[in-house]
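First up is the structure itself, then whatever we jot down about it.
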Amino acid sequence: AISSSTGPVTVTGNTYVDVESIRFTSDKIGLNGDDAILQLTTSGSVGKVKVDGTVEMIDDTTSFTHTGTTSLAISSTNGHITIAGGSDDYVDVESIRFTDNQIGPTTDTDLITLSDGNVEVTGTMNVTDDVTLTKDAVALTHSGDTSLAISSTN
């Protein structure tokens, strides 16, 4: 046991210090075979943790919380970002739910369905500006059981 009755204890080594299976090398924390899994740095009063590998949350219910006063950015400098729920699950962004290829508010989750070359809207679509069709030939098809009405309020 290492203890001190007068303050902090400093343990130093020539290149690294091993505590059980954890290796401390300068500003890096890792294991015997991979000594740079975490790297702790600071610039001024701003701390930074670099992770070499995957961060896995193993509790049944977990959260990733930002408590700063400005913003949180998630970015990749070398590729795309994927946010995915598990099988038959969903991802909520504010009050919008993404489930497989469907998008909608949490109260109407299949309002928009996306597929190759197709967008299906299952609710009312209000357009407040011009609609421009650019193909040489276009069709407006109504397949309902009752009627189609096109009207102008002016």
Side-chain angles (χ1 to χ4, degrees), residues 1-136 138-139 141 143:
I2 299 173
S3 65
S4 172
S5 60
T6 60
V9 173
T10 301
V11 178
T12 59
N14 287 338
T15 57
Y16 60 86
V17 173
D18 283 341
V19 177
E20 296 284 339
S21 61
I22 307 299
R23 176 162 289 180
F24 297 86
T25 308
S26 183
D27 61 355
K28 298 176 188 79
I29 301 171
L31 303 171
N32 186 345
D34 185 359
D35 65 354
I37 295 172
L38 294 176
Q39 183 175 9
L40 308 175
T41 60
T42 186
S43 176
S45 63
V46 178
K48 182 186 284 188
V49 177
K50 293 182 180 180
V51 178
D52 181 16
T54 301
V55 176
E56 183 176 338
M57 297 185 198
I58 59 174
D59 287 343
D60 290 340
T61 302
T62 61
S63 63
F64 184 81
T65 304
H66 171 258
T67 59
T69 57
T70 56
S71 64
L72 169 68
I74 299 173
S75 63
S76 173
T77 57
N78 295 310
H80 68 279
I81 296 172
T82 301
I83 300 173
S87 176
D88 296 325
D89 285 332
Y90 54 85
V91 174
D92 283 343
V93 178
E94 297 284 340
S95 62
I96 303 300
R97 179 161 292 175
F98 296 82
T99 307
D100 295 323
N101 64 334
Q102 296 177 322
I103 304 168
T106 55
T107 57
D108 190 4
T109 60
D110 63 349
L111 187 61
I112 301 170
T113 300
L114 306 173
S115 59
D116 290 337
N118 188 49
V119 176
E120 180 181 332
V121 178
T122 59
T124 301
M125 183 167 57
N126 295 314
V127 179
T128 59
D129 206 340
D130 294 342
V131 175
T132 303
L133 305 173
T134 58
K135 286 180 63 176
D136 290 339
V138 296
T141 304
S143 60

For the residue pair [X] and [Y], what are the closest heavy atoms and their distance?
X    : Y    : result
L114 : N101 : O-ND2, 2.7 Å
T12  : T10  : CG2-CG2, 3.7 Å
V127 : D129 : CG1-O, 3.1 Å

Would you tabulate the side-chain donor-acceptor contacts of residues 68-80 under 3.5 Å, counting partners in other chains and residues two or more places apart, or write 'none'?
| unit_1 | atom_1 | unit_2 | atom_2 | d |
| --- | --- | --- | --- | --- |
| S76 | OG | N78 | N | 3.4 |
| S76 | OG | G79 | N | 3.3 |
| S76 | OG | G79 | O | 3.2 |
| H80 | NE2 | T82 | OG1 | 3.2 |

To the closest 0.5 Å, what do you measure between [atom1] ([X]) and [atom2] ([Y])?
X    : Y    : atom1 : atom2 : result
D18  : N32  : CG    : CG    : 5.5 Å
L38  : D27  : CG    : CG    : 10.5 Å
T109 : D92  : OG1   : CG    : 9.5 Å
D108 : R97  : CG    : CZ    : 11.5 Å
T124 : L111 : OG1   : CG    : 9.0 Å
E56  : T62  : CD    : OG1   : 10.5 Å

I'd like to know whether CD1 of I81 has more than 12 heavy-atom contacts from other residues, nucleotides or ligands below 6.0 angstrom. yes
For K28, is there any backbone N or O sitting under 3.5 Å from a side-chain donor or acceptor partner on T25? no
